[in-house]
Undergrad: 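For reference, the structure I am asking about is given below.
The chain is numbered in sequence order, starting from 1.
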Amino acid sequence: MSTSSASRPTPSKHRLALLMLLVIYPFVIYPFVTAILYVLMPLTEGWPIWARTALLAPIMVLSIVYGIAPAIHRHFAWFILRQPRLLA
C-alpha cells in the first residue's frame with residue numbers, strides 16, 4: 001500500500017447521512033422529487049403504483065448519483081472528510 005493512500009482522510013458516512021437528512025433533503029431532494037412527481041403523475045395517470053415507482057426510482061437515483069451527490073461532495077467535502085473548512 002502506498003503512503004499517499006494511507007494519509008487520505010476517511011469519509012464519515014455518519015456525517016454524510018446527517019448532512020443529507022438535515023440540510024439536503026428538505027431543501028434539495030424533497031423539492032426535486034416533488035417536481036418529478038408533478039411531471040410524472042399526469043403522464044402516468046391510471047398506472048398502478050408499482051409502475052409509477054418503477055419509472056420514478058431510476059430518474060431519482062440517476063439524478064442524485066450523477067448530479068446532486070457530486071455537488072454535495074464538492075461543497076461539503078470538508079465536513080464529510082472531518083477536516084477544517086478552507087475559505088478560498
Undergrad: Once rounded to the nearest 0.5 Å, what's the spacing between atom CE of Met41 and atom CD1 of Ile36?
TA: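 Those atoms lie 12.5 Å apart.
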
Undergrad: Once side chain to side chain contact (heavy atoms under 4.5 Å, CB included) is applied, do any residues pair with Leu21, and if so which ones, sequence neighbours excluded?
TA: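 Per chain and number, Leu21 pairs via side chain to side chain contact (heavy atoms under 4.5 Å, CB included) with no residue.
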
Undergrad: Measure the CE-CG distance between Met60 and Leu55 for me, rounded to the nearest 0.5 Å.
TA: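 Rounded to the nearest 0.5 Å, the CE-CG separation comes out at 11.0 Å.
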
Undergrad: Could you pull out the closest heavy-atom pair between Pro26 and Pro31, with the gap in Å?
TA: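 Closest heavy-atom pair between Pro26 and Pro31: O-CD, 3.6 Å.
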
Undergrad: How far does CZ of Arg15 sit from CG of Leu81, to the nearest 0.5 angstrom?
TA: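 One gets 9.5 Å once the value is rounded to the nearest 0.5 Å.
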
Undergrad: With a 4.5 Å cut-off on side-chain heavy atoms, are Leu16 and Ile72 touching?
TA: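 In contact.
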
Undergrad: Return each pair, listed once, that meets side chain to side chain donor-acceptor pair (under 3.5 Å) where at least one residue sits in residues 29-42; pairs must be two or more places apart or across chains.
TA: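 As it turns out, there is no side chain to side chain donor-acceptor pair (under 3.5 Å) pair with a partner in residues 29-42 once direct neighbours are skipped.
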
Undergrad: So which residues get pulled into Leu62's cluster when ILVMFWY side chains under 4.5 Å apart are joined, directly or through others?
TA: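 Same cluster as Leu62: Val61, Val65, Tyr66.
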
Undergrad: Just to verify, what does Arg52 make a side-chain hydrogen bond (donor to acceptor under 3.5 Å, both in side chains) with, not counting sequence neighbours?
TA: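 With neighbours one apart ignored, the set is Thr44.
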
Undergrad: Other than Ile49, what residues sit in its cluster of Ile, Leu, Val, Met, Phe, Trp and Tyr side chains whose heavy atoms are under 4.5 Å apart, directly or through others?
TA: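 Grouped by the 4.5 Å side-chain rule, Ile49 forms a cluster of one, so the answer is none.
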
Undergrad: Under the rule for side chain to side chain contact (heavy atoms under 4.5 Å, CB included), what residues qualify as partners of Pro48, not counting sequence neighbours?
TA: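 Testing Pro48 for side chain to side chain contact (heavy atoms under 4.5 Å, CB included), a comparison that skips the adjacent residues, returns Trp50, Ala51.
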
Undergrad: Flag yes if Ile59 and Val39 sit in one hydrophobic cluster, no otherwise; membership is Ile, Leu, Val, Met, Phe, Trp, Tyr, and two members link when side-chain heavy atoms are under 4.5 Å apart.
TA: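 The answer is no; the residues belong to distinct hydrophobic clusters.
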
Undergrad: Working to the nearest 0.5 angstrom, can you tell me the gap between Leu19 CG and His75 NE2?
TA: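 With rounding to 0.5 Å, CG (Leu19) is 11.5 Å from NE2 (His75).
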
